Protein chains: 2
Amino acid sequence: MELIRIYECFCDRTRLRILNLLSTGPLCVCHLQGVLAEPQVKISKHLAYLRTRGLVAARREGNWIVYRLPAKVSRELRVNLACLQDCAAEDPVFRRDQARLARLAPVLPEAGACACPRITSRRQ
Amino acid sequence: MELIRIYECFCDRTRLRILNLLSTGPLCVCHLQGVLAEPQVKISKHLAYLRTRGLVAARREGNWIVYRLPAKVSRELRVNLACLQDCAAEDPVFRRDQARLARLAPVLPEAGACACPRITSRRQ
DNA sequence: TAACAATATACCTATTGCGGAATATAGTTT
DNA sequence: AAACTATATTCCGCAATAGGTATATTGTTA
């Protein structure tokens with residue numbers, strides 16, 4: 001019953017917002033910070049939560065760490081992520097996040113370096 | 001973000017099994033006990049959990065209490081229940097539950113009395 | 001009304017999750 | 001090497017959850 005693990009990951013607002021953003025493509029943590037506007041430690045811990053449960057994958061990119069949805073996902077995860085996207089399309093929170101992301105990162109860090117604006121001031 | 005409440009309900013194995021069974025139609029608690037083969041208190045508490053969060057509705061029917069999915073559900077709940085059914089169709093646990101239910105209750109308690117076998121011996 | 005049957009609730013305990021503050025780690029730049 | 005930047009981890013306290021035991025509630029039947 002892998003479903004339980006999926007739904008445990010799904011039942012936190014911050015994690016849902018992260019998954020929604022990652023559905024667009026890979027993102028480094030600073031992008032997530034910029035969009036979510038939550039404390040760094042909070043985001044980092046939720047990313048760790050998702051990582052240990054296989055919902056996201058991470059790779060280092062110099063100073064940054066780029067998170068993405070895993071390349072291969074189970075059928076169960078795939079359909080549930082699709083369902084989440086379906087719901088997200090109508091939810092103001094998710095839509096606002098997507099809009100912020102588009103403004104903040106017109107170019108996503110597909111394979112190269114992270115083009116993050118320095119967000120030191122927003123770090124706390 | 002009603003989604004959170006839905007996923008909180010979804011992230012327990014017993015609750016998922018209950019929702020899967022109720023997707024077939026209304027059921028009284030003794031049917032659920034017969035199929036799930038879990039202690040009465042456990043089932044009752046999970047039903048209460050689902051009830052207080054609006055995922056199921058209950059009506060008294062003489063000595064029995066019949067649970068069902070609510071008549072009107074939000075779009076979010078509807079698509080997520082559909083997604084759950086999609087996943088359940090391939091999961092051995094859910095399939096076995098459905099098979100047990102079909103054997104135990106060929107006639108569902110649609111509107112009338114609950115045709116429960118006396119399951120006193122199974123009560124613990 | 002007394003016994004019974006079906007279900008719910010109260011109480012307890014252990015576990016888990018969440019958030020914050022402080023600190024650690026690992027790369028990079030000077 | 002030292003300072004810096006980005007991110008992770010540790011430690012803490014608190015709230016929520018899960019499961020069990022015992023008991024209560026509500027309706028039915030004798």
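What's counted below: heavy atoms across the whole structure, side chains too, no hydrogens, waters or symmetry copies. What you see is a predicted model, and the numbers here were worked out from it, not measured in a lab. Convention: sequence-line order gives letters A, B, ...; per-chain numbering from 1.
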Can a side chain N or O of [X] be found less than 4.0 Å away from OP1 or OP2 on [N]?
X       : N      : answer
A:Arg59 : D:dT7  : no
A:Arg13 : C:dG19 : no
B:His46 : D:dG19 : yes
B:Arg60 : C:dA8  : no

**OP:** Decide whether a cation-pi geometry holds between A:Arg15 and A:Tyr49; the criteria are a distance under 6.0 Å from NZ or CZ to the six-membered ring centre and an angle within 45° of the ring axis.
**Re:** yes

**OP:** Could you check whether B:Arg5 gets within reach of a base, just the sugar-phosphate, or nothing at all, counting any heavy atom under 4.0 Å?
**Re:** nothing

Which of the following nucleotides, [options], is nearest to the side chain of [X]?
X       : options              : answer
A:Ile65 : C:dT9, C:dT7, D:dT7  : D:dT7
B:Asn63 : D:dG27, D:dT5, D:dT7 : D:dG27
A:Ser44 : D:dT7, C:dC18, C:dA8 : D:dT7
B:Cys30 : C:dT7, C:dA8, D:dA8  : C:dT7
A:Cys28 : D:dT28, D:dT7, C:dT7 : D:dT7

Original post:
Taking N and O atoms by type only, does the side chain of A:Lys45 place a donor or acceptor under 3.5 Å from a partner on the base of C:dG17?
Top reply: no

Original post:
With a 3.5 Å cut-off and just heavy-atom distances, do the side chain of A:Gln40 and the base of D:dA8 make a donor-acceptor pair?
Top reply: yes

**OP:** Give me the ring orientation class for B:Tyr7 and A:Phe10: parallel if the planes are under 30° apart, tilted from 30 to 60°, perpendicular past 60°.
**Re:** perpendicular

Separation of [N] [atom2] from [X] [atom1] (nearest whole Å):
X       : N      : atom1 : atom2 : answer
A:Asp12 : C:dT16 : CG    : C1'   : 13 Å
A:Tyr49 : C:dG17 : OH    : P     : 5 Å
B:Glu38 : D:dG19 : CD    : P     : 8 Å
A:Ile43 : D:dT7  : CD1   : P     : 10 Å
A:His31 : D:dA6  : NE2   : P     : 12 Å
B:Tyr7  : D:dA16 : OH    : P     : 22 Å
B:Leu32 : C:dA6  : CG    : P     : 14 Å
A:Lys42 : D:dA8  : NZ    : P     : 16 Å

**OP:** Mark yes when over 12 heavy atoms from residues, nucleotides or ligands other than A:Arg95 sit less than 6.0 Å from its CZ; otherwise mark no.
**Re:** no

Original post:
So which one's nearest nucleotide on DNA chain C is more toward 5', A:Gly62 or A:Glu8?
Top reply: A:Glu8

Subject >> Upstream residue (5' side of DNA chain C) when B:Leu47 and A:Thr14 are each assigned their closest nucleotide >> reply: B:Leu47

Subject >> A:Arg75 bridged to B:Asp86 by N-O distance under 4.0 Å >> reply: yes

Original post:
Could B:Glu76 and B:Arg78 be called an ion pair, given the rule that one side-chain N must be under 4.0 Å from one carboxylate O?
Top reply: no

Subject >> A:Tyr67 and A:Arg51: side chain donor to acceptor below 3.5 Å >> reply: yes

